[in-house]
Amino acid sequence: MTLNTSFLRNVFLCKCLFALTFWNYVSLSVEDELFTSISNNFPEDDSKQKITSLPLLYTKSNQSKANCDWVVIQNTTESLSLSRITEDNVNELIDLLSNFRQGSRLQNLTLTNVSVSWNHLMKIFQTVWHSSIEYFNTYNVIQLSNIERYDFDYSGTSMKALTMKKIIITDMYFSQDDLYKIFADMNIADMTIADSEMIHMICPSYRSPFRYLNFLKNDLTDLLFQNCDNLLQLETLILQKNKFESLRKVSFMTSRMKSLKYLDMSSNLLRHDGAGEQCQWAESLSELDLSSNQLVDAVFECLPVNVKKLSLQNNQISNVPSGVAELKSLEELNLASNRLADLPECSGFTSLQFLNVEMNSILTPSADFFQSCPRVRELQAGHNPFKCSCELQAFIRLERRSGGKLAGWPAAYVCEYPEGLRGTELKDFHLSLLACNTTLLLVTALLLTLLLVAAVAFLCIYLDVPWYARMTWQWTQTKRRAWHNSPGDQGAALQFHAFISYSERDSLWVKSELMPNLEKGEGCVQLCQHERNFIPGKSIVENIINCIEKSYKSIFVLSPNFVQSEWCHYELYFAHHKLFSENSNSLILILLEPIPPYLIPARYHKLKALMAKRTYMEWPKERSKRALFWANLRAAISINLPKADENLYEETD
């Protein structure tokens with residue numbers, strides 16, 4: 001029993017296959033015959049018609065040739081494109097299209113340059129609706145008569161997509177329902193009405209199967225689809241280049257579209273000033289294009305929370321407020337051609353992967369962008385007016401560490417400021433670490449200053465500069481007081497042959513040897529000695545300066561004790577100053593005892609210079625040589641003092 005059943009089933013299947021094969025063969029034969037018939041009925045004038053082949057199921061082979069004057073743009077087995085459809089040939093076109101019953105191979109129909117009445121236009125649509133055509137395109141359509149109510153039959157269609165571009169309605173007064181209801185209630189998935197100056201579209205009368213609606217370049221306003229509950233299957237809505245103004249109303253329009261995923265509102269007049277206005281978007285909306293509008297920073301208060309791709313290109317956004325928008329699903333953000341002064345933070349965009357901030361006003365981008373936005377895989381920040389300064393160095397280093405995350409590098413990243421670096425690519429801009437690190441620069445400057453101060457201090461201490469400065473000051477003050485006290489005195493007169501400078505520890509030799517031998521006998525020498533010739537009441541420095549200036553010579557008794565005496569150093573300094581100021585040869589050096597060089601302090605560099613350049617007299621230890629010593633000393637200080645000076649000396653004594 002089972003075998004018989006299997007056998008009968010196989011026989012039945014074979015008969016079915018044979019019947020289908022035979023019917024397909026017959027259909028193809030009939031179709032070829034009809035094609036030949038149609039080809040013979042069209043005129044052969046190539047200047048008016050571009051007919052190649054028409055595989056059409058058209059049975060009226062005795063059609064009048066004069067009426068079929070449209071132009072065939074394309075004619076294949078599955079596609080047909082005709083142009084120049086007028087009132088004269090529209091009936092023939094309707095007859096031709098009525099032969100494309102469902103099951104035919106023709107799927108694409110394009111009509112261009114159509115000028116017919118409203119009734120004929122609707123008949124064309126109705127005929128196509130019940131044919132095998134799935135994609136119907138019309139371009140440059142002019143409706144010639146008044147728009148009237150037309151009972152359109154939407155049943156039994158193969159249509160999937162309708163595209164209408166540049167539709168001109170000549171009737172100025174008509175019922176909106178008579179026009180828009182025809183298209184709003186179409187039970188197809190895709191519909192495009194573009195560049196047609198359409199000012200409105202009503203909500204479908206029933207739950208619409210629309211999945212794709214494109215109303216590009218019309219005059220639609222905020223009234224579109226308000227309170228419309230019948231677009232529940234709509235996934236893509238394109239409203240680019242219309243006249244929408246309120247972003248809030250657009251959001252409420254989408255709130256009833258439960259399946260909407262993509263919305264294009266670019267090139268409109270959209271604004272959103274915030275002011276506490278609440279927005280309500282479709283939760284399913286994942287891609288939103290708001291580019292080329294008039295939106296400002298407040299737009300981030302009115303965005304769909306689940307959006308993944310957001311374009312705000314070419315608006316008036318100057319800042320991305322932190323903490324305003326929590327777009328946790330946002331992956332792509334386009335902020336090109338706005339007014340941003342810096343890279344935005346990602347505190348509200350935790351899933352952001354692609355960011356475009358090209359052609360903004362960014363001078364020095366933040367270097368910590370990738371730290372605040374760790375998931376960003378690509379940053380487009382080129383074509384900004386970059387200011388090549390120290391602040392930009394960190395951003396340039398960021399590019400090296402980012403591993404190629406900066407799109408368009410290096411050609412799109414060029415210095416705009418300062419003027420001298422304009423046109424320089426950022427990769428070729430370099431500044432030293434010291435020039436850009438303020439802390440390092442300050443530390444370095446401080447260290448150099450301390451080093452310089454230390455060097456100056458060391459030199460001052462080593463060369464005893466403070467001491468010399470103090471002595472110069474005291475000498476200057478003494479000269480100034482002397483000038484004020486005796487303004488009529490033109491110069492100090494010489495009163496002494498020599499001023500004696502010695503250490504107190506060498507006073508015994510001075511008083512027992514030097515003074516007796518010079519002041520007694522023939523050609524006695526008048527000496528200025530501090531114990532007897534310093535004027536009481538005056539400072540020691542003043543007395544020293546006065547004695548040196550009133551003495552022809554200055555005798556310095558040099559010994560190890562001399563270099564350890566502070567006052568001897570003063571006397572040597574002032575005497576040396578006189579030597580240079582008067583250009584005189586007034587110094588006599590007597591070396592009482594040898595002075596080892598290491599015993600001479602650093603500040604006695606003048607004494608070292610004098611001992612190296614000038615001849616000094618050594619006190620002989622042998623008595624036989626001392627007579628010559630005294631004779632040479634007398635000869636060195638021999639001078640005739642003025643008589644008035646000698647009398648003055650006697651009065652002083």
Side-chain angles (χ1 to χ4, degrees), residues 110-111 114 121 125 135-143 147 152 159-169 171 174-271 281-282 284-285 287-294 304 311:
T110 300
L111 301 179
V114 180
L121 183 63
F125 273 83
Y135 302 94
F136 182 28
N137 307 307
T138 61
Y139 305 106
N140 297 321
V141 177
I142 300 178
Q143 172 269 334
I147 297 176
F152 200 89
M159 282 278 293
K160 294 181 180 179
L162 170 64
T163 300
M164 297 182 291
K165 294 184 178 180
K166 294 186 177 181
I167 310 298
I168 299 177
I169 304 298
D171 189 3
F174 59 90
S175 172
Q176 290 188 358
D177 288 350
D178 292 344
L179 173 62
Y180 299 126
K181 191 175 186 300
I182 295 292
F183 302 102
D185 289 343
M186 286 184 173
N187 54 339
I188 57 178
D190 297 357
M191 184 173 70
T192 298
I193 304 178
D195 197 10
S196 301
E197 299 182 356
M198 181 173 61
I199 61 174
H200 190 57
M201 172 59 69
I202 64 176
C203 181
S205 305
Y206 53 89
R207 183 167 293 186
S208 174
F210 283 136
R211 295 180 180 273
Y212 176 93
L213 287 178
N214 185 351
F215 297 142
L216 170 70
K217 200 176 180 181
N218 285 287
D219 293 327
L220 298 172
T221 65
D222 297 334
L223 299 177
L224 179 70
F225 294 148
Q226 293 294 320
N227 301 319
C228 182
D229 295 322
N230 291 328
L231 293 172
L232 300 179
Q233 299 185 50
L234 185 62
E235 298 178 356
T236 300
L237 178 58
I238 299 176
L239 298 173
Q240 181 184 4
K241 294 184 178 180
N242 280 274
K243 295 182 179 180
F244 291 86
E245 296 182 5
S246 173
L247 185 62
R248 175 177 172 272
K249 290 183 178 180
V250 171
S251 72
F252 278 97
M253 175 190 69
T254 66
S255 63
R256 300 171 182 264
M257 302 173 183
K258 303 301 181 181
S259 302
L260 186 63
K261 296 180 180 179
Y262 176 81
L263 175 62
D264 185 353
M265 297 298 303
S266 61
S267 300
N268 277 275
L269 305 173
L270 289 175
R271 294 175 177 269
W281 297 88
S284 59
L285 187 59
E287 189 169 351
L288 176 61
D289 190 345
L290 297 175
S291 59
S292 299
N293 281 282
Q294 300 176 19
S311 178

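All residue numbers in this chain count up from 1 along the given sequence. All heavy atoms count here, side chains included; hydrogens, waters and symmetry mates do not.
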Are any non-hydrogen side-chain atoms of Leu290 and Leu247 less than 4.5 angstrom apart? yes
Measure the CE-CG distance between Met159 and Asp190 for me, rounded to the nearest 0.5 Å. 10.0 Å
With rounding to the nearest 0.5 angstrom, report the CG to CG distance, Asp222 to Asn242. 10.5 Å
Tell me, with the steps shown, if Asp177 and Ser175 meet side-chain hydrogen bond (donor to acceptor under 3.5 Å, both in side chains). CA-CA 5 Å; Asp177 288 350; Ser175 172; 5.0 Å; no
Going by the side-chain contact (heavy atoms from CB on, under 4.5 Å) test, name the single residue among Tyr139, Phe125, Phe136 that passes it with Met164. Phe125
Using modelled atom types and a 3.5 Å cut-off, is there a donor and acceptor pairing between side-chain atoms of Ser284 and backbone atoms of Leu260? yes
Ignoring hydrogens and angles, tell me if any N or O in the side chain of Ser259 forms a donor-acceptor pair with the backbone of Leu232 under 3.5 Å. yes
Just how far is it from atom CG of Leu231 to atom CG of Leu237, taken to the nearest 0.5 Å? 8.5 Å
Look at the side chain of Gln240 and the backbone N and O of Asp289, then say whether any donor-acceptor pair between them is shorter than 3.5 Å. no
For Glu197, is there any backbone N or O sitting under 3.5 Å from a side-chain donor or acceptor partner on Asn218? yes
Distance in Å, Leu239 CG paired with Met201 CE, rounded so as to fall on 0.5 Å steps: 11.0 Å
When rounded to the nearest 0.5 angstrom, what is the spacing between CG in Asn268 and OG1 in Thr221? 10.5 Å
Taking only Lys NZ, Arg NE, NH1 and NH2, and the carboxylate oxygens of Asp or Glu, determine whether Lys181 and Asp185 approach each other closer than 4.0 Å. yes
Test: Lys165 and Asp195 ion pair at under 4.0 Å: no
Given the rule in the side-chain hydrogen bond (donor to acceptor under 3.5 Å, both in side chains) test, do Tyr135 and Asn137 qualify, once you have shown the distances and angles that lead to the verdict? CA-CA 7 Å; Tyr135 302 94; Asn137 307 307; over 6 Å; no
Specify whether Phe215 and Phe225 have parallel, tilted or perpendicular ring planes, treating 30° as the upper limit for parallel and 60° as the lower limit for perpendicular. tilted
